[in-house]
S.K.: 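Could you have a look at this structure, given as structure tokens, before my questions?
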Protein chains: 2
Amino acid sequence: MASIDDVARAAGVSTATVSRSMSGRGAVSEATRLKVQKVAAELGYVASATAASLASGRSSNIGILTPYIDRWFFTEVIRGAQEELSRHGYDVTLYNLGGVPAQRSRMLDDFIHRGRVDAFIAIDVPLDSAEIGRLHDINRPIIGVGGAIAGVRTISIDDTEVVRIAMRHLLELGHSRIALLGGRDDDVDVFKVASTRRKTFESVLRQAGIPVLPGSMQFGDFTIPSGYTAAKKLLTHANRPTAILAASDEMAFGAIIAARELGITIPSELSIVGIDGHDLGEFFGLTTVDQNPLQQGRTAATILLDEILPHRTETIDINTALPVRLVKRSSTAKPRA
Amino acid sequence: MASIDDVARAAGVSTATVSRSMSGRGAVSEATRLKVQKVAAELGYVASATAASLASGRSSNIGILTPYIDRWFFTEVIRGAQEELSRHGYDVTLYNLGGVPAQRSRMLDDFIHRGRVDAFIAIDVPLDSAEIGRLHDINRPIIGVGGAIAGVRTISIDDTEVVRIAMRHLLELGHSRIALLGGRDDDVDVFKVASTRRKTFESVLRQAGIPVLPGSMQFGDFTIPSGYTAAKKLLTHANRPTAILAASDEMAFGAIIAARELGITIPSELSIVGIDGHDLGEFFGLTTVDQNPLQQGRTAATILLDEILPHRTETIDINTALPVRLVKRSSTAKPRA
DNA sequence: TTGTAGGCGTTATCAA
DNA sequence: TTGATAACGCCTACAA
């Protein structure tokens, strides 16, 4: 491996000049810069990342903390962040906190403090105050995506608004027997996504003067199978709804499959609206409120880069929740008279 | 941040002893080791990863090269590898080569040579000979998962065997009008997965003395929508098959949805067998040949660790393709007489 | 614009 | 078993 000295010697300059020529930091004449870069290319020289970060304190590496890497929302956020970070020369190190519980604290304790990354993105990671304290101690920027972390700036959608948009759509179409296919309000629901959506569902109905009938809310774990099972209950119920609001697109897909199996036609006999903007929405013809997690990841990365990179100042107003939009497809229509 | 000197001073020993006490490398008396670790804990000392790797040449970081992070197979492999690596104290840095094409060569050129990782896992990454050469130059272990890379040891399943197992199942049930829902044999099919499966399908039929009828092979891109579309063609064809072999579980799901829509009952009127072992297989009742990508990831990590870690010698015979197994569910049965 | 030289925080060799 | 100390390879004031 060629080192900076080799290049310096071959180019007839000092190592300082090589460093400056390669990194772009500091003043170098155009001529020498080109020469150095040429020599470097010939020698196949690439600066050692470890040496560079030891000397500079920067690592060009961002850590992403996530509880899952195999769920749609998380994957999309990771992909969006990665794309943006990579575009600016940053590596992404993935800390999967979901796998083995015992690993979790070691990961946070050891690695996160080992100064391997310049900053963190935490996707829906519930951190306790001790953990947050430690993260602040090491003084590295951190930004949350999804679930809010106390004392940490977080970008996310407004779960209340999301449900309102979906419900408004159904109400405007003329539905009144609307059921909820919700997320379970258990201890996994650390960030109250499931409960916020349910509460908003109820309050919107109430405001519209529509009572929430017993049995008109069924719950699952945001997956297709759970949506299917819960929808079956909803649709075989005595007072079958004319519309369903699903807390996730995947649950909505499950509901669509369940409805087809029961011979219930969508949208004439049953309207379904989801929340997410899942790629398969198109395929299933699902009307949904798109929360664009890919963009959430990109935005998180952009804000982070803004803090880390010296010359950037594309400040983003982080107090505004990210926009969501209703995507109308063929799963919703006016209820049959 | 406490440094090694702080700990040395506080514990009344040399930095060398601190280093040895913390890393476990080198001989230290039990007593001093405990004392040092206690002092280190009190001071909240954690060794700097960059400094350590500059000095030792090891980074405790593994790079995963992948073209996608949002596709089931890849996510599973990553998850399996990550889990295993993390268990041994390794970080995982993700190099997503799929996103922006222009990024690809820079990633390979720059980062991979910057010595930030100790080894690589390449999941279905097509590398040209120049790229392989460079990877060998830096002399870091590399292992492929899925697609074979010239000169690089690769673990993968035997695509021929997979198809044979699935076909044997259908043939044993008594099917003879078997159609293929294949992968498109285009330039994306670098590793000939699609074409190998198709060829094996044809040869198995031929050996069974069954002609491959025109129109009995339709192709897609391994996704649910493409499986749906291709299956529609297959099932509205004049000579409708009694069984379908799908090149991926997702395509099989698409086929199941298509069949239901056409009012074709599974498995009495149509048997469907997939390839993958997708989580949703259970939900759809899909008979499939499980290729366990999670385990593929774990195995890749284990082999890599075996090379990197000093004291391990759990040698794995890498010349054996990984095992696959037929998972029988409710999507296959004898054809109706 | 360029060069000199002192870190950056560990690890590992060699003596003791 | 422990301690001194020379790398590790680069960055960055500071000086020229």
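Numbered from 1 within each chain, the chains take letters A, B, ... in sequence-line order.
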S.K.: If you measure from CD1 on A:Ile121 to CD on A:Gln296, what distance do you get to the nearest 0.5 Å?
M.R.: 12.0 Å
S.K.: Let me have DNA chain D in dot-bracket notation, would you? Count Watson-Crick plus G-U wobble pairs, both distances under 3.5 Å, and use [ ] for pairs crossing earlier ones and | for inter-strand partners.
M.R.: ||||||||||||||||
S.K.: Assess, by modelled atom type and distance only, whether the side chains of B:Gln82 and B:Arg79 contain a donor and an acceptor separated by less than 3.5 Å.
M.R.: no
S.K.: Between side-chain atoms of residues 36-45 of chain B and protein atoms elsewhere (two or more places apart, or another chain), which donor-acceptor pairs fall under 3.5 Å?
M.R.:
residue, atom, partner, partner atom, Å
B:Gln37, NE2, B:Ser21, O, 3.2
B:Lys38, NZ, B:Glu42, OE2, 3.4

S.K.: Without decimals, in angstroms, what is the distance between B:Ile4 CD1 and D:dG3 P?
M.R.: 12 Å
S.K.: How would you list, by chain and number, every residue that makes a ring-ring contact (aromatic ring centres under 6.0 Å, His included) with B:Phe74, sequence neighbours excluded?
M.R.: B:Tyr68
S.K.: D:dG9 C1' sits how many Å from A:Asp6 CG, rounded?
M.R.: 11 Å
S.K.: Pairs under 3.5 angstrom, nitrogen or oxygen only, protein versus nucleotides 12-16 of chain D, please.
M.R.:
residue, atom, partner, partner atom, Å
D:dT12, OP1, A:Arg58, NH2, 2.2

S.K.: Enter the distance from B:His88:NE2 to B:Tyr90:OH here, rounded to the nearest 0.5 Å.
M.R.: 9.5 Å
S.K.: Give a yes-or-no answer on whether the side chains of B:Thr93 and B:Asn61 include a donor-acceptor pair shorter than 3.5 Å.
M.R.: yes
S.K.: Please work out if B:Ser53 contacts a base, only the sugar-phosphate, or nothing of the nucleic acid, heavy-atom cut-off 4.0 Å.
M.R.: nothing
S.K.: How close or far is atom C1' of D:dG9 from atom OH of A:Tyr45, stated in whole angstroms?
M.R.: 8 Å
S.K.: Whole Å only: how far is the CG atom of B:Asp5 from the P atom of D:dA4?
M.R.: 12 Å
S.K.: What do the steps show when you test B:Ser60 against A:Arg116 for side chain to side chain contact (heavy atoms under 4.5 Å, CB included), and what is the final call?
M.R.: CA-CA 10 Å; B:Ser60 297; A:Arg116 191 173 310 207; 4.0 Å; yes
S.K.: Students often get this wrong, so: under 4.0 angstrom with heavy atoms, is B:Val18 touching a base, only sugar-phosphate, or nothing?
M.R.: nothing
S.K.: If you assign B:Arg33 and B:Ala51 each to the DNA chain D nucleotide with the nearest heavy atom, which residue ends up on the more 5' nucleotide?
M.R.: B:Arg33
S.K.: Quick one: on DNA chain D, does B:Ala27 or B:Leu54 contact a more 5' nucleotide (nearest heavy atom)?
M.R.: B:Ala27
S.K.: When you list every nucleotide of DNA chain C with an atom under 4.0 Å from a heavy atom of chain B, which one comes first 5' to 3', and which comes last?
M.R.: C:dG9 to C:dT13
S.K.: Nearest 0.5 Å, what's the CG-OG1 distance between B:Leu85 and B:Thr302?
M.R.: 8.0 Å
S.K.: So what does A:Thr32 hit on the nucleic acid, given a heavy-atom distance under 4.0 Å: a base, only sugar-phosphate, or nothing?
M.R.: sugar-phosphate
S.K.: As an exercise, state the distance from CD1 of B:Ile303 to CD1 of B:Ile155, rounded to the nearest 0.5 Å.
M.R.: 5.0 Å
S.K.: What parts of residues 34-44 of chain A reach DNA chain C, counting only heavy atoms under 4.0 Å away?
M.R.: none
S.K.: In Å and rounded to the nearest 0.5 Å, what is the CD1 to CZ distance from B:Ile4 to B:Arg9?
M.R.: 11.5 Å
S.K.: Between the side chains of B:Thr17 and B:Ser14, does any donor sit under 3.5 Å from an acceptor?
M.R.: yes
S.K.: Before giving the answer on side chain to side chain contact (heavy atoms under 4.5 Å, CB included), spell out for A:Leu34 and A:Glu30 the whole-Å C-alpha distance, their side-chain angles and the decisive distance to 0.1 Å.
M.R.: CA-CA 6 Å; A:Leu34 289 174; A:Glu30 185 71 5; 4.1 Å; yes
S.K.: Please determine, by modelled atom types, if B:Thr50 and A:Thr50 share a side-chain donor-acceptor pair under 3.5 angstrom.
M.R.: no
S.K.: Kindly compute the distance separating OG1 (A:Thr154) from CD1 (A:Ile143), expressed to the nearest 0.5 Å.
M.R.: 7.5 Å
S.K.: Assign each of B:Ala47 and A:Ser14 to its nearest nucleotide of DNA chain C by heavy atoms, then name whichever residue's nucleotide is nearer the 5' end.
M.R.: A:Ser14
